[in-house]
Amino acid sequence: MGRFVVMSTWCLLGVGAHSSCHPGSESCTMEEQGSRSMLSRRHTTWKQESDLQEEETLDLSQNVATKQHNGYTFTTVKNGYIRKDGRPQWIVCLPDGCDDNLTHKLVTDCLPDHMTAVWEGKPDEDGLCCVTIAGSEADLREELDNCHSILPKDASVEQDIIMAIPELGDERHDEKDPSLMEKTSQSTNNHENELPWGLDRIDDRSGLDKDYTPPFTGKGVHVFVLDTGIRTTHADFGGRALPAFESLLDGYGTKKRNCHKSDNTCAIDRDGHGTHCAGTVAGLKYGVAKNAKVYAVKVLNDDGRGAATQTLEGYEFVRQQKTLRPAVVSASLGGTRPGYSKGEEIAINNLLGAGVLVVAAAGNDGWKEDSPFAGKPGSPYACSSSPGNIPAAIVVGNMDKTDTRSGDSQYDSLRPGFQKCVDIFAPGENIMSASSKNDNGGASKSGTSMATPHVSGAVALLLEEDPAMTPRVTEQKLKARATKNAVKDPKGSPNLLLYVGRDSSTATMSPVPAQSCSDTPLCGKRMGQKMPMYLRNWAVNPHADGSNLEKHPYYLRLPVRIKCGVKVIDYWLRLNCAKTCGFCTPTDKPPTPPTPLPMPHWTPPATLAPTPPPPPPHWTPPPTASCSWQHPHGGGMALCQDGTQSWFCVRDDHGQRVQCPSAYPEMCASKSCGGGMDYCCERSCHSKGGPRKCE
């Protein structure tokens, strides 16, 4: 097993081509991109002398550094996943529109001799446009140079890191405090017939009545549990738990396989976390959705840890199971703080576009001080790491039997400009569910991991109620029906408590006290601050030839500073530098349409007979609220008529595109995408008939 250190940052790489088509255009076909030039395995003329001059550390917290290399950007992680051979891994993801030919080139034609291909996604089979490669930082620079003819300068790459079940990140478990430790005791006869209090709570607006009577049972819904596996033979599943997929770290990459439904050794749970979560989703005694099917997607090793590559492989597997719909993903995993995973965000957005919601845990560091720049960084905010800071995921906080937010459940701040990351609260303290020790036992566990499957099960109930419900509508209905103002001490998070009844809450949310937009003293202290010398040393690895940093004093003079726009500490900037960084004014709303100027009044000359004025110049009306396509949205792909996100709306029978993503904000007037049947989304529609007009 390679060296493990828990961290939470992934990677993403967008790919385009230098050709007559716009490099950033989604209408630039892969055939055009692939035929522009042959890739060489060695590109020595692309750069010779500018390595040191071009290297610059752009963004930096205690754990993450973002660097430049000849116009490209890549991110290194101080405590990322290191293989047994001492090499890091790098995940390269293309968010949209690629094919197997392009991903294959990334792991063959572009690959330097000293690098190893770890994983190759299969976009032609509805998989992800991602690959993982292993090698030194110098090898990565060579990979970028070898592929410079097909990679745009705005491509990004990030180092592979460790993911883990959130409870592993809570050091208090090592203090032997029984009130804080995760309980794993086997159930006794006294517990066999007891109704779990979490189920009792979520089918009523208040209190416990020793009854759980949901309006649906989740029949026909498929729940994929990304975790440590599932003991699928446990009696509480009644044959509705199936082995599906496993990806395991072996110290030199991942070993993955699709499971046969009768192979109970595949994706088996030897930790207990995954079985417990699955039991809360769909167990006969312990489950919210007692007739849903659960699928074991094992992306964490038996010690509860795994690399980001495994999780991406798990997301790809779920996306490929197009016949297992409607579906929801339950992901009680994450990493330490601070961190931001662009790769995970793209994967979750792709699943959302395929009609699959992802439910994730907020994390269990709510008791910590916010200290992202400390030697051992931490933060109590859900926004401080992925998947908590991914907008497309439903992020779940944890509450106890008295409806009080658990002390370790991460939360949001009340300060102006702070992004809300927690979506809803659910029971998570002392939750009884299925044990992985045998086929009949139970275990008690606590944490946001235990709250998450309550919400995943509730989504399954909604999808049985309406199997055609889009993810957006599902989330809206989940929140509309939630009990409002019931959670004590929610901090700055929305005060919504999970409710599985069909009636919507009529209560209004309690008002949040108004605060003036301001910075904290920490902003002035940290903003523009140079990082200490010892922090700069790890930002650049030794060269492949064995030379060290002392031989390259230039690196020790790199301009390492904190500044606005550093995504990995976005939550900290919102918390402390809201005024300086402009977070107090919402930036995600469409701009107010400008008022058109009136045509100038024309007065005929006094001495001449009046003649008609010339026709006014052609005027394009400004965007209006009725023209949805003139307002980009915050997702990763185009929004189709049925509410799904996809680049293939027409092909996949989702209707035409109605909105473009903010990365390609303009919907063009000419139909030249989707086989000539759909409008294109571009950065500029100058060559495609201009922006689509209101109709």
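Numbers here simply count residues along the sequence, with the first being 1.
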Exercise. Quick one: are E345 and N349 in side-chain contact, heavy atoms under 4.5 Å?
Worked result: yes

Exercise. Given L478, which of L357, V473, D423, L462 fulfils the side chain to side chain contact (heavy atoms under 4.5 Å, CB included) condition?
Worked result: L462

For this session: Go through K484 and L496 one step at a time and tell me if the side chain to side chain contact (heavy atoms under 4.5 Å, CB included) criterion holds.
Result: CA-CA 5 Å; K484 297 178 177 63; L496 297 175; 3.7 Å; yes

Problem set entry | Validation row: N430, K401 side chains within 4.5 angstrom (heavy atoms) | no

Problem set entry | Inter- and intrachain pairs under ring-ring contact (aromatic ring centres under 6.0 Å, His included), touching residues 418-437, at least two apart | Y381-F418

Exercise. Can you find a pair of side-chain heavy atoms, one from T228 and one from R270, that are under 4.5 Å apart?
Worked result: no

Exercise. Between V396 and L498, is any pair of side-chain heavy atoms under 4.5 Å apart?
Worked result: no

Exercise. So does R472 have more than 12 non-hydrogen atoms from other groups sitting under 6.0 Å from CZ?
Worked result: no

Problem set entry | Residues forming a salt bridge (charged side-chain N to carboxylate O under 4.0 Å, His left out) with D269, sequence neighbours excluded | none

Exercise. What closest approach, in Å, do K445 and M450 show between heavy atoms, and which atom pair accounts for it?
Worked result: O-CG, 3.5 Å

Exercise. In terms of side-chain geometry, is the basic nitrogen of D678 or R657 positioned less than 4.0 Å from the acidic oxygen of its partner?
Worked result: yes

Problem set entry | Check: L324 and K293 side chains under 4.5 Å, non-hydrogen atoms | no

Exercise. Is S379 close to Y571 at the side-chain level, that is, under 4.5 Å between some pair of heavy atoms?
Worked result: yes

For this session: Check whether any side-chain heavy atom of T232 sits under 4.5 Å from a side-chain heavy atom of F237, and report yes or no.
Result: no

For this session: Count the heavy atoms belonging to other residues, nucleotides or ligands that lie under 6.0 Å from NZ of K488, then report whether that count exceeds 12.
Result: yes

Problem set entry | Among H276, K298, H273, the one residue meeting side-chain hydrogen bond (donor to acceptor under 3.5 Å, both in side chains) with D227 | H273

Exercise. Does a side-chain heavy-atom distance below 4.5 Å link I268 with P243?
Worked result: no

For this session: For the pair T448 (side chain) and A361 (backbone), establish whether a donor and an acceptor sit closer than 3.5 Å, ignoring hydrogens and angles.
Result: no

For this session: Please name all residues satisfying side-chain contact (heavy atoms from CB on, under 4.5 Å) with D263, sequence neighbours left out, ordered by chain then number.
Result: R257, H260, T265, C266

Problem set entry | For N398, the option from P427, S446, S406 that meets side chain to side chain contact (heavy atoms under 4.5 Å, CB included) | S406

